[in-house]
Amino acid sequence: MAAKILANLIVMGTGIVARALVQAYRQALTNASKTGVAQETLQNAVRRSSKVMTEQEARQILNVSETTTWEEVLKRYDTLFENNAKNGTFYLQSKVHRAKECLEAAYRDKGQGTGTPS
């Protein structure tokens with residue numbers, strides 16, 4: 001008899017907890033949609049998955065400003081690329097190369113000559 005009562009309590013308790021979790025999840029979704037968190041999360045996911053380097057990020061990697069000439073960008077690129085080839089990682093070397101490619105396109109679009117691409 002005690003086992004039957006204990007089993008009923010466990011089943012009822014599990015049901016109550018399950019309903020509470022479902023209700024809390026629904027409320028969390030409602031709150032997220034009201035505050036725009038869901039939209040922001042979706043936008044961040046899209047931004048992360050695009051894998052395209054922005055011009056600002058490229059400038060930070062190469063440590064150059066918007067007023068820097070293309071020749072100075074190339075000089076900075078060569079220095080960083082060679083340093084990472086000697087005692088850096090392939091990942092950093094790749095980031096430096098992608099930053100140069102991004103800025104090369106930006107300088108070309110702005111009408112400033114990029115010279116011969118290296």
Side-chain angles (χ1 to χ4, degrees):
M1 184 72 165
K4 187 176 180 181
I5 293 173
L6 184 60
N8 281 338
L9 285 175
I10 291 173
V11 169
M12 287 175 50
T14 304
I16 291 170
V17 169
R19 281 192 298 268
L21 285 174
V22 169
Q23 185 179 8
Y25 183 72
R26 284 184 185 150
Q27 187 63 43
L29 287 177
T30 303
N31 290 343
S33 66
K34 284 180 183 176
T35 61
V37 172
Q39 184 67 22
E40 183 180 338
T41 303
L42 182 63
Q43 288 173 349
N44 287 339
V46 168
R47 208 173 296 133
R48 269 183 260 138
S49 68
S50 67
K51 304 282 186 190
V52 175
M53 183 179 290
T54 64
E55 185 178 342
Q56 180 183 5
E57 184 182 6
R59 290 189 185 284
Q60 286 177 343
I61 289 170
L62 293 177
N63 195 23
V64 295
S65 67
E66 290 185 19
T67 59
T68 306
T69 65
W70 176 245
E71 289 75 25
E72 292 170 345
V73 170
L74 282 179
K75 218 182 282 186
R76 186 74 181 138
Y77 162 77
D78 289 335
T79 302
L80 289 172
F81 193 84
E82 290 302 319
N83 287 345
N84 282 308
K86 293 175 186 171
N87 54 7
T89 64
F90 179 73
Y91 174 77
L92 290 175
Q93 197 175 21
S94 170
K95 281 290 203 182
V96 169
H97 183 72
R98 296 291 170 238
K100 185 203 79 152
E101 287 180 340
C102 177
L103 289 179
E104 185 175 23
Y107 276 83
R108 193 178 308 121
D109 291 344
K110 290 179 182 177
Q112 297 179 7
T114 58
T116 56
S118 56

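Computed from a predicted structure; not experimentally measured. Numbering of residues begins at 1 and proceeds along the displayed sequence.
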>> Tell me whether E57 is salt-bridged to K95, with the criterion being a basic N under 4.0 Å from an acidic carboxylate O.
In response: yes

>> On a heavy-atom basis, which atom in A58 and which in L103 lie closest, and how many Å separate them?
In response: CB-CG, 3.8 Å

> Within the side chain of S94, is there an N or O that forms a donor-acceptor pair under 3.5 Å with the backbone of F90?
Replying inline: no

> Atom OH in Y25, atom OG1 in T30: separation rounded to 0.5 Å?
Replying inline: 10.5 Å

> Which of these passes side-chain contact (heavy atoms from CB on, under 4.5 Å) with L62: T79, V73, L74?
Replying inline: V73

> Are the side chain of R59 and the backbone of S65 linked by a donor-acceptor contact shorter than 3.5 Å?
Replying inline: yes

> So does K110 pair up with E66, basic N to acidic O under 4.0 Å?
Replying inline: no

> Do the non-hydrogen side-chain atoms of W70 and V64 ever get within less than 4.5 Å of each other?
Replying inline: no

> M53 and A99: which non-hydrogen atoms are nearest, and at how many Å?
Replying inline: SD-CA, 3.4 Å

>> Taking the basic N atoms (NZ, or NE/NH1/NH2) and the acidic carboxylate oxygens, is any pair closer than 4.0 Å for E72 and K75?
In response: no

> Say you draw a straight line from CD1 of I10 to CG of L6; how long is it, rounded to the nearest 0.5 Å?
Replying inline: 4.0 Å

> How close do I61 and L80 get, heavy atom to heavy atom, and via which atoms?
Replying inline: O-CD1, 3.7 Å

> About how many Å separate CG of N83 and CG of D78, when rounded to the nearest 0.5 Å?
Replying inline: 10.5 Å

>> To the nearest 0.5 Å, what is the distance between CD on E101 and CZ on R98?
In response: 4.5 Å

> Going from CD on E82 to OH on Y77, what distance comes out if it is rounded to the nearest 0.5 angstrom?
Replying inline: 8.5 Å

> Taking atom types as modelled, is there a side-chain donor on H97 or Q93 under 3.5 Å from an acceptor on the other?
Replying inline: no

> CD/E104 to NZ/K100 distance, rounded to the nearest 0.5 angstrom?
Replying inline: 5.0 Å

